[in-house]
Amino acid sequence: MNKKKCLGCGALLQTSNPKEIGYIKDLHYDKAVICERCFRIKHYNEYQTVFKDNKEFVKMLKAINETKDLVILVIDVLNMPENLDFVKELLTNDILLVLTKRDLLPKSVSDEKLLAYIDNYHIKYVDKVLISSRKNYQLDLLLNKIMKYKHSKNVYVVGYTNAGKSTMINKYIYNYVKEIGMITTSMIPSTTIDNISVKINEELTLIDTPGILKEGSILYYVDYQIIKKILLEKEIKPKIYQIKTKQNIHIENILKVTCKESNILTFYVSNALVFYRTYGDMEEEIKLKRHILNVSDNSDIVIEDLGFIKVKKQAKIELYTLEGVKIFIRKALI
Ligand SMILES: Nc1nc2c(ncn2[C@@H]2O[C@H](COP(=O)(O)OP(=O)(O)OP(=O)(O)O)[C@@H](O)[C@H]2O)c(=O)[nH]1
Ligand SMILES: [Mg+2]
């Protein structure tokens, strides 16, 4: 059988194992351009999470490093990772930093502030751009920079899973190739399975890559109904809570924050999530894991892939969330 790749996720199409990536029924193989999993994501919004081994990413990044081509590093502005160690350790390519999903944060926050913030990663880059693929914001500017900094026709698009890499490339296909982008995108992590080359013009081919796994992502620990709420793709309306003593703020049944002293907490999470307050000591939540956090003035508590909570005053905060979900503290983004 000749080898053909799924145009949606990049996996090699195969007809032997329905449980493996790239599966397509024998009778559809000749005509098929996408695998069954991509078909289901595209047409029925169904999802099937595929976990790749981190060793495969290391291999992939080493191969990109060999090429010396320009790398576009895509970062989701709402879900900035704690660090970019994988880049520091494995990539020596020139890096063009792209902060995306700008549309999710309030317009009142300045672009300059958001762009300045990524210098906290202490990563060497040739340039940086803030974009929104959803709103077609600054994509022309980014393209100009890509053309300016690229070393060859090939430019790799790299980043954590769900950052918005494939959506950005589809937008370039739509804007410049005048076709509907075929790359499968979804709110579920690990949508892209293997590299996908997309020719934008004679001088430029963008290469989409599978996202690096974020092990502590909340998306791995909640059901699809909650995932849909977490990833509601509208501008976030921050929820500000003036906390008095012994109050608890809850988000659905996935998070609880307790503050023993008065404070101001601002939640930057999807508007679709349901909040409620309770008062006083609560009986121990068995399902949720407790984190005791010593937070300084103007810091964010980041809950991986859920969003973040800005804390105004230095405090000791108790936060409960699902076991396995990563929590970290950083200097306030906004
Ligand atoms: N609001 C908003 N959502 C976006 C934007 N770009 C991507 N998304 C959404 O983010 C989610 C992930 O997008 P993908 O393009 O599949 O992300 P990816 O980086 O290719 O993910 P993997 O293939 O898993 O590595 C999807 O639900 C997209 O609709 C954007 O500019 N704004
Ligand atoms: Mg993708």
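Since the structure is predicted, the reported quantities are computational estimates derived from the model, not experimental observations. Start at 1 and go down the list; that is how both ligands and their atoms are numbered. Side-chain atoms are counted along with the backbone in the values below, which use heavy atoms only and exclude waters and symmetry mates.
For the residues Gly164, Ser132, Ser166, Pro210, the heavy atom positioned nearest atom 17 (O) of ligand 1 is part of Gly164. Selection from Asn79, Leu213, Thr167 by nearest heavy atom to atom 7 (C) of ligand 1 gives Thr167. In this comparison of Gly10, Gly159, Cys9, Ser133, the heavy atom closest to atom 31 (O) of ligand 1 sits on Ser133. Closest to atom 18 (P) of ligand 1 by heavy atom, among Lys101, Lys165, Lys135, Lys228, is Lys165.
With hydrogens and angles ignored, the 3.5 Å screen pairs a side-chain donor or acceptor of Gln14 with a backbone N or O of Ser16. At distances below 3.5 Å, not a single donor-acceptor pair connects side-chain atoms of Lys135 with backbone N or O atoms of Arg102.
In the hydrophobic clustering of ILVMFWY residues, with side-chain heavy atoms under 4.5 Å counting as a link, Ile193 and Ile169 come out apart. Residues Phe275 and Ile236 share a hydrophobic cluster, clusters being chains of Ile/Leu/Val/Met/Phe/Trp/Tyr side chains in contact below 4.5 Å. A continuous path of ILVMFWY side-chain contacts below 4.5 Å connects Val74 to Val155, so both sit in one hydrophobic cluster. Linking ILVMFWY residues whenever their side-chain heavy atoms come closer than 4.5 Å, directly or via other members, places Leu306 and Ile317 in the same cluster.
Both the sub-6.0 Å distance and the 45° axial angle are satisfied by Lys256 relative to the ring of Tyr320. In this structure, Lys244 is not positioned above the aromatic face of Tyr279 in the sense of NZ or CZ being under 6.0 Å from the six-membered ring centre and within 45° of the axis.
The protein heavy atom nearest to atom 21 (O) of ligand 1 is Asn162 N, 3.0 Å. Looking only at heavy atoms of the protein, atom 9 (C) of ligand 1 is closest to Glu233 OE2, 3.4 Å. Taking atom 1 (N) of ligand 1 as the reference point, the nearest protein heavy-atom neighbour is Asp103 OD2, 2.8 Å. Scanning the protein for heavy atoms near atom 3 (N) of ligand 1, the closest one is Arg134 NH2, 3.7 Å. Atom 11 (C) of ligand 1 has Ser186 O, 3.6 Å as its closest protein atom, hydrogens excluded (heavy atom only).
With a cut-off of 2.8 Å, the Mg ion (ligand 2) has an N, O or S atom of Ser166 in range. Distance check for Thr161 against the Mg ion (ligand 2): none of its N/O/S atoms falls below 2.8 Å.
An N or O contact shorter than 3.5 Å links Thr191 to ligand 1 by distance. Residue Leu104 places no N or O, backbone or side chain, under 3.5 Å from any N or O of ligand 1.
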For residues 291-299, please give each side-chain donor-acceptor pair under 3.5 Å, one per line with the distance, not counting sequence neighbours.
{"unit_1": "Asp297", "atom_1": "OD1", "unit_2": "Gln314", "atom_2": "N", "d": "2.6"}
{"unit_1": "Ser299", "atom_1": "OG", "unit_2": "Ser296", "atom_2": "O", "d": "2.8"}

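Within the structure, the closest approach of Leu231 to ligand 1 does not fall below 4.0 Å when heavy atoms are considered.
A salt bridge links Lys145 with Asp127: the distance from a Lys NZ or Arg NE/NH1/NH2 to an Asp or Glu carboxylate oxygen falls below 4.0 Å. Electrostatic pairing of Lys313 and Glu261 does not count as a salt bridge here, judged by no charged N lying under 4.0 Å from a carboxylate O.
Under a 4.0 Å criterion applied to the non-hydrogen atoms of Thr161, ligand 1 contributes the atoms 22 (P), 24 (O), 25 (O). Which parts of ligand 1 touch Gly211 is read off a 4.0 Å heavy-atom cut-off, strictly below it: atoms 25 (O). Near Thr100, with a cut-off below 4.0 Å to any heavy atom, the atoms of ligand 1 are 31 (O).
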